[in-house]
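Let me begin by presenting the structure, written as structure tokens, before commenting on it.
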Amino acid sequence: MMNHEQYRRAVLVNPLGTNPELEAHRAHCEHCRAFSDRVLTFEHRLVRALKVTTPNSAKILPFGTRSAARPAKGGRWLALAASVAMAFVVAAGIWLTPRSSLAADVVAHMAGEPAAWESRATLSAGELAPVLKRANITLDPKAPSVSYANSCEFRGQLVPHLVVQSPRGPVSFCFQNGTFRLP
Amino acid sequence: MMDRVAAKQGRARFQALCLALRPDLLRFAFWLCHDHALAEDVVQESMLRAWKAQDSLENEKAAKPWFLTIVRRELARTFERKRLKTVNVDDLVALEDSSLAAGDQADLAEMRAAIFKLPEEYREPLVMQALLGYSTAEIASELHLSQPAVLTRLFRARHQLRALCGEDTSEDPQE
């Protein structure tokens with residue numbers, strides 16, 4: 001006959017396990033029955049906790065059946081034609097795109113205003129206000145200090161050019177929202 | 001022709017098998033590495049390995065332990081390749097890390113934090129039994145342990161977990 005300790009050990013090893021010896025002990029020992037009920041309740045919590053949510057990507061396998069990937073007869077010619085057409089579109093896109101990128105224009109603009117980087121002193125609200133007003137923008141009061149502000153011509157627009165003193169050094173901002181034009 | 005049809009059916013069956021087992025494999029990997037993204041990478045890589053080696057799976061009924069072995073090896077490779085960052089579980093709880101508390105009640109979050117606090121040698125067999133439904137013999141075979149050793153680890157795992165969750169363990173048997 002199983003004693004209390006053996007019963008409880010068996011319950012802790014596997015709360016869902018059962019055998020005639022366990023059943024017999026459980027049937028006649030109220031304390032051990034209460035113990036195993038508590039352990040079982042805990043076990044249900046444990047299982048729920050272990051079943052963490054898996055992402056939707058869990059339904060995507062890193063491979064597919066070859067039959068699904070294989071194009072239908074004649075599909076190869078269609079794929080080839082589509083590739084050629086795509087190549088023309090890409091080539092035309094490259095040819096028609098302006099040579100000067102936005103990033104290059106920003107860098108060129110900054111190089112033309114070296115003074116923007118020299119000052120570290122915080123501008124007063126009075127110095128900053130006209131530039132912000134012209135751009136119709138407001139600055140978050142919690143924003144870091146602004147050491148330079150100017151309304152600059154950039155890509156045909158009048159844009160506010162600010163230099164903010166961040167903990168990692170000065171950072172330039174040019175806001176281009178397209179809502180205001182050069183007179 | 002017949003061969004091609006059989007191969008196609010075999011592939012479809014293998015895919016279905018992968019889809020059915022993947023969620024639990026992801027959970028298993030997560031409980032061992034504490035990281036959802038890493039668990040996904042490991043299982044993804046394991047699926048690829050399994051796909052390449054599917055001919056070595058002779059019996060579909062043995063698929064679960066077969067996949068689990070691949071995932072465990074892949075995890076071991078990952079741990080060998082890079083030293084994974086260690087995370088303080090208390091910090092995770094304090095930050096309400098999504099892996100611990102996402103959309104679940106506080107008691108589950110508490111339980112999850114406690115599971116992470118278990119030593120890996122206790123956590124792994126516990127997850128295999130409680131989540132994957134492994135028998136003691138299957139755990140012993142997978143972890144290369146004797147069955148009494150597995151029983152001891154499962155006992156200690158639950159005893160510690162209950163204590164960590166504030167359960168009354170005064171009636172638990174002594175070791």
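Just so it is clear, the values below take in all heavy atoms, side chains as well, and ignore hydrogens, waters and symmetry mates. A, B, ... follow the sequence lines: proteins, then strands. Residue 1 opens every chain. None of these values were measured; they are calculated from a predicted model.
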Please say whether the positively charged group of B:R158, taken as NZ for Lys or CZ for Arg, lies over the ring of A:F42, i.e. under 6.0 angstrom from the six-membered ring centre and within 45 degrees of the axis.
no

Okay, A:Q6 and chain B: the region with an atom under 4.5 Å from a heavy atom over there is neither

Taking a hydrophobic cluster as the set of Ile, Leu, Val, Met, Phe, Trp and Tyr residues connected by side-chain heavy atoms closer than 4.5 Å, whether directly or through intermediates, do B:Y122 and B:L68 fall within one such cluster? no

So, the part of B:L161 with a heavy atom under 4.5 Å from chain A: the answer is both

All heavy atoms of B:H36 vs all of A:V52, minimum pair found to be CE1-CG2, 4.4 Å

Discussion item. With a 6.0 Å cut-off (strictly less than), is the heavy-atom count around CD of A:E23, excluding the residue itself, greater than 12?
Written reply: yes

Please evaluate residues B:D24 and A:T54 with respect to the criterion side chain to side chain contact (heavy atoms under 4.5 Å, CB included), reporting the C-alpha separation (whole Å), side-chain torsions for both, the decisive distance (0.1 Å), and the verdict. CA-CA 9 Å; B:D24 272 351; A:T54 54; over 6 Å; no

Between A:L12 and B:P173 the two heavy atoms that sit nearest each other are CD1-CD, 4.0 Å

Under 4.5 Å to a heavy atom of chain A? For B:L151 that would be both

Turns out that what part of B:D168 lies under 4.5 Å from chain A's heavy atoms comes down to neither

OG1 (B:T152) and CZ (A:R9) are apart, to the nearest 0.5 Å, by 6.5 Å

Turns out that what part of B:R153 lies under 4.5 Å from chain A's heavy atoms comes down to neither

Notebook entry, point to check: Sub-3.5 Å donor-acceptor pair from the side chain of A:R8 to the main-chain atoms of B:E171, do we have one?
Noted result: yes

Hydrophobic cluster identity match, A:L40 and B:L108, side-chain contacts under 4.5 Å | no

Looking only at heavy atoms, the pair that brings A:R48 and B:R112 closest together is O-NH2, 3.4 Å

message: Same cluster or not: B:L26 versus B:L131, using hydrophobic residues (I, L, V, M, F, W, Y) connected whenever any side-chain heavy atoms lie under 4.5 Å apart?
response: yes

CG (A:L50) and CD1 (B:I115) are apart, to the nearest 0.5 Å, by 4.5 Å

Original post:
Do other residues, nucleotides or ligands put more than 12 heavy atoms under 6.0 Å from the CZ atom of B:R73?
Top reply: no

Is B:F28 reachable from A:V47 through a run of I, L, V, M, F, W or Y residues, each pair having side-chain heavy atoms under 4.5 Å apart? no

Smallest heavy-atom separation, A:V13 atom then B:Q129 atom, equals O-NE2, 3.0 Å

Practice task
Answer yes if A:L16 and B:F155 sit in the same cluster of Ile, Leu, Val, Met, Phe, Trp and Tyr residues linked by side chain heavy atoms under 4.5 Å apart, and no otherwise.
Solution key: no

Looking only at B:R162, B:H159, B:R156, the option with the highest number of non-hydrogen pairs under 4.5 Å against chain A is B:R162

